[in-house]
Structure formats: structure tokens, C-alpha cells
Amino acid sequence: MALAWVWTIMVVVSVIFGILTGKIDAVGTAALDGAGSAVTLAIGICGVTCLWTGVMEVMRRSGLAERLKMLLLPLLGGLFPASRRQHETMEALSANVSANLLGLGNAATPYGINAASAMAKLSKSKTATDDLCTLVVLNTASLQLIPATVAAVRAAAGAAQPFDILPAVWVSSGTSVAVGIIAVQLFKRIWRA
């Protein structure tokens with residue numbers, strides 16, 4: 001609802017300034033160009049998302065996803081000690097982290113919701129558990145090896161080399177995940193003190 005108001009106000013303000021400055025034709029042209037660009041962008045993102053979702057499916061069917069999960073389980077077990085023995089939770093967590101590593105936020109979301117639901121079942125109170133807080137921080141910071149969605153947006157916007165941002169993405173996402181996990185561990189100890 002709030003977004004509808006934001007869009008409405010933006011359109012009204014644009015039209016008013018277009019009329020006041022005598023450039024209402026430019027406002028109309030910009031609106032049509034923007035609509036066309038939005039369709040191009042959406043189709044470009046759809047194509048790349050289909051590609052990486054297909055890659056995820058191939059990884060799952062070939063057993064590579066299972067091996068990646070086995071590699072991630074010791075690390076995830078340390079980060080989520082209360083959920084370590086819950087097979088369903090750890091399965092969803094590893095799939096969530098795998099999808100995030102590939103930059104597939106849309107594919108990661110259902111797994112993250114499944115993991116959060118399973119963690120919520122373990123909680124005896126309505127307060128978020130430490131594991132749930134860690135999951136939210138990990139998903140928000142999101143370590144990415146292949147930023148597929150960002151690259152798709154850049155490719156659709158006409159970038160010559162959409163993946164030339166890889167070093168910056170690795171540094172920034174690695175730093176944000178490290179800081180997030182440190183903050184979670186720190187606040188966990190402060191909260192209990």
C-alpha cells in the first residue's frame with residue numbers, strides 16, 4: 001500500500017513539474033521509454049534466473065548439491081548449534097546457502113523460509129532464537145560467489161562485462177557476512193550476560 005502511494009506521488013509530482021516547466025512532452029516520452037526499459041530488464045533477469053535455476057536443478061540431480069551440502073554441514077552446524085541435529089532444518093539451510101552463493105536470491109528464499117519455519121518449531125517461546133537471528137543475518141549479508149542476479153541486471157542495462165564486479169562483490173559480501181556473524185556472536189553473549 002505504501003509503495004502505491006510513493007508511485008502515485010512520484011507520477012503526480014512529475015506531471016506537475018512537466019506542466020510548470022513546459023516539458024510535459026518530455027515527461028510522456030520518459031514514461032514510455034522507462035516502461036520499455038522495464039520490460040527489457042525483466043526479460044533479461046528472467047532469462048538469467050532460468051539459467052541459474054536450471055544449473056541448480058542439474059546440481060541437485062547430479063548429486064553435486066548433496067556434496068556441497070556435505071561440505072557446508074560442518075560449518076553450518078557450528079553457526080546453528082541448536083538446529084544441528086534437525087535434518088530438515090540443516091537440509092533447508094544448506095540449500096539456502098548454496099543458492100545464495102550462486103547469487104540466486106529468488107531460489108534461496110523458499111529454502112530460507114523452510115529453515116526459519118523449522119527453527120521456529122524448535123522454539124518454546126515467541127522470541128526469535130539465536131539460530132533464527134543468525135539465519136536472518138546470514139541471508140541479509142549473503143555471501144555470493146557468482147552474483148547472477150546483479151550480473152543479469154547489469155547485462156540488461158547494457159554493461160559490456162557484467163561480471164567485472166566479481167572482486168568487489170567477493171570482498172563486500174565476505175566482509176558483510178563476517179561482520180554480521182561477529183555481531184550475532186557478540187550480541188548473543190551480551191544478551192545472556
Do [X] and [Y] come within less than 4.5 Å of each other through their side chains, counting heavy atoms only?
X: I16; Y: V12; value: yes
X: V27; Y: K23; value: no
X: I146; Y: F163; value: yes
X: M119; Y: L93; value: yes
X: V137; Y: C133; value: no
X: L101; Y: L143; value: yes
X: I181; Y: L138; value: yes

Distance check, rounded to the nearest 0.5 Å: [X] atom [atom1] versus [Y] atom [atom2]?
X: F187; Y: I190; atom1: CZ; atom2: CD1; result: 6.0 Å
X: F80; Y: M90; atom1: CZ; atom2: CE; result: 7.5 Å
X: K188; Y: T134; atom1: NZ; atom2: OG1; result: 5.0 Å
X: N100; Y: S142; atom1: CG; atom2: OG; result: 3.5 Å

Kindly work out whether a path of hydrophobic side-chain contacts (I/L/V/M/F/W/Y, heavy atoms less than 4.5 Å apart) joins [X] to [Y].
X: F17; Y: I9; answer: yes
X: I165; Y: V177; answer: no
X: L73; Y: L135; answer: yes
X: M70; Y: L76; answer: yes
X: V97; Y: L79; answer: yes

Which heavy-atom pair separates A115 from T89 by the least distance, and what is that distance?
-> O-CG2, 4.1 Å
Provide the closest heavy-atom pair for V15 versus I24 in the form atom of the first, atom of the second, distance.
->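 Nearest pair, atom of V15 first, then I24: O-CD1, 3.9 Å.
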Between D131 and S83, is there a donor-acceptor pair closer than 3.5 Å when you use the side chain of the first and the backbone of the second?
-> yes
Hey, does the side chain of T129 reach the backbone of L132 with a donor-acceptor pair shorter than 3.5 angstrom?
->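 Yes, because the side chain of T129 sits within donor-acceptor range (under 3.5 Å) of the backbone of L132.
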Where at least one partner belongs to residues 155-179, residue pairs that pass side-chain hydrogen bond (donor to acceptor under 3.5 Å, both in side chains), sequence neighbours excluded = R154-D164
Taken in chain and number order and not counting sequence neighbours, the residues that satisfy salt bridge (charged side-chain N to carboxylate O under 4.0 Å, His left out) with R61 are E57
Test D130 against V184 for side-chain contact (heavy atoms from CB on, under 4.5 Å), laying out the working first.
-> CA-CA 8 Å; D130 291 342; V184 165; over 6 Å; no
Around atom OH of Y111, are there more than 12 heavy atoms of other residues, nucleotides or ligands at under 6.0 Å?
-> no
